[in-house]
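The structure appears right after this line, and notes come after that.
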Amino acid sequence: MPPIDGSNPYVAHTPAPPSNSFSFKDAVGSVKDVLGRWGKKVGEATKKAEDLAGNTWQHLKTSPSFADAAMGRIAQGTKVLAEGGYEKIFRQTFETVPEEQLQNSYACYLSTSAGPVMGILYVSTAKLAFCSDNPLSYKSSGQTEWSYYKVVIPLHQLRAVNPSSSRNNPAEKYVQVISIDNHEFWFMGFLNYNGAVEWLQGALEARNLESV
């Protein structure tokens, strides 16, 4: 896990309660069924489903462990259903104001010095916010601790949203987000890349209109 960066005001680590909630062993039996459904969609659908299949493949490939990524997505989907949807999880995970509304959410990875971190990127009427799906381990005073990796960028602090792709492999797509004080964040492995780019650029345009 990357060390806590005191120089970056947008990064936070929230301690995780001691539990086994981040273990995916109970999800192993579901992986084959889910991947099978994805395969069926690829066979039945047209360009939209082909894009989804490609994004899904890139999403799973981004993780150091393909199996862990697949089980992680299943576990996250189960959590969303159990806790009442992304809106509720968003408000439980981040500080919000009463008038703030969640616009959309996207499964993706955040690039860190320790490697890609899988999680959910939220776009609200007030902020962009990312939280890792699972607690990440780190050493503190010789003990192993666990915490969620978070990034929160208020929209008024947003300067640029730049979509890009790998020159060597165009299927590897990224979104660079830059704050007005020049902190950069790279997101990748989106399950819905085009939708994420559209909403992120829309959030930036809304911020620019408000500042005029």
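All of these numbers come straight from a predicted model, not from anything done at the bench.
With values rounded to the nearest 0.5 angstrom, M188 atom CE is found 9.5 Å from S164 atom OG. Rounding to the nearest 0.5 Å gives a distance of 6.0 Å between CD of Q101 and OG1 of T125. Note: L200 CG to Q103 CD = 11.5 Å, rounded to the nearest 0.5 Å. Atom CG of N104 sits about 11.5 Å away from atom CZ of F90, to the nearest 0.5 Å. Separation of atoms CD (E87) and OG1 (T96) is listed at 8.5 Å; rounding is to 0.5 Å. Annotation: the span from E198 atom CD to N192 atom CG amounts to 9.0 Å, rounded to 0.5 Å.
Closest approach of C131 and T93 over heavy atoms only: SG-CG2, 3.7 Å. Shortest non-hydrogen contact noted between K173 and P170 is CG-O, 3.7 Å. Heavy-atom minimum distance, V161 versus L158: CG2-CD2, 4.2 Å. Taking all atoms of both residues into account, the shortest heavy-atom contact from L128 to A203 is CD2-CB, 4.4 Å. Of all the heavy atoms in S105 and I120, the pair that sits closest is CB-CG2, 3.9 Å.
Pairs engaging residues 96-117 under the salt bridge (Lys or Arg N to Asp or Glu O under 4.0 Å) rule: E100-K127 [sequence neighbours left out].
Counting heavy atoms from C-beta outward, S111 and Y174 have side chains that stay 4.5 Å or more apart. Side chains of L121 and F190 form a contact here, defined as non-hydrogen atoms less than 4.5 Å apart. Proximity of S165 to Y193: side-chain heavy atoms (C-beta onward) are nowhere separated by under 4.5 Å. Taking the side chain as every heavy atom from C-beta outward, Y106 and V123 approach each other to under 4.5 Å. For the pair W146 and N134, the minimum side-chain heavy-atom distance is 4.5 Å or more. Contact check for S179 versus R159: no side-chain heavy atoms found under the 4.5 Å cut-off. L110 has its side chain within reach of Y149: a pair of non-hydrogen atoms, C-beta onward, lies under 4.5 Å apart. For the pair F187/F130, a side-chain contact is recorded, criterion being any heavy-atom separation below 4.5 Å from C-beta on.
Residues L204 and L155 share a hydrophobic cluster, clusters being chains of Ile/Leu/Val/Met/Phe/Trp/Tyr side chains in contact below 4.5 Å. At a threshold of 4.5 Å between side-chain heavy atoms, the hydrophobic network of Ile, Leu, Val, Met, Phe, Trp and Tyr places V177 and V197 in one connected group.
S132 places no side-chain N or O within donor-acceptor distance of the main-chain N or O of P135, the cut-off being under 3.5 Å.
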Check the pair D181, Y10 against side chain to side chain donor-acceptor pair (under 3.5 Å), reporting the backbone distance first and the verdict last.
-> CA-CA 11 Å; D181 46 356; Y10 307 105; 2.7 Å; yes

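Aromatic ring centres of F94 and Y122: separated by under 6.0 Å.
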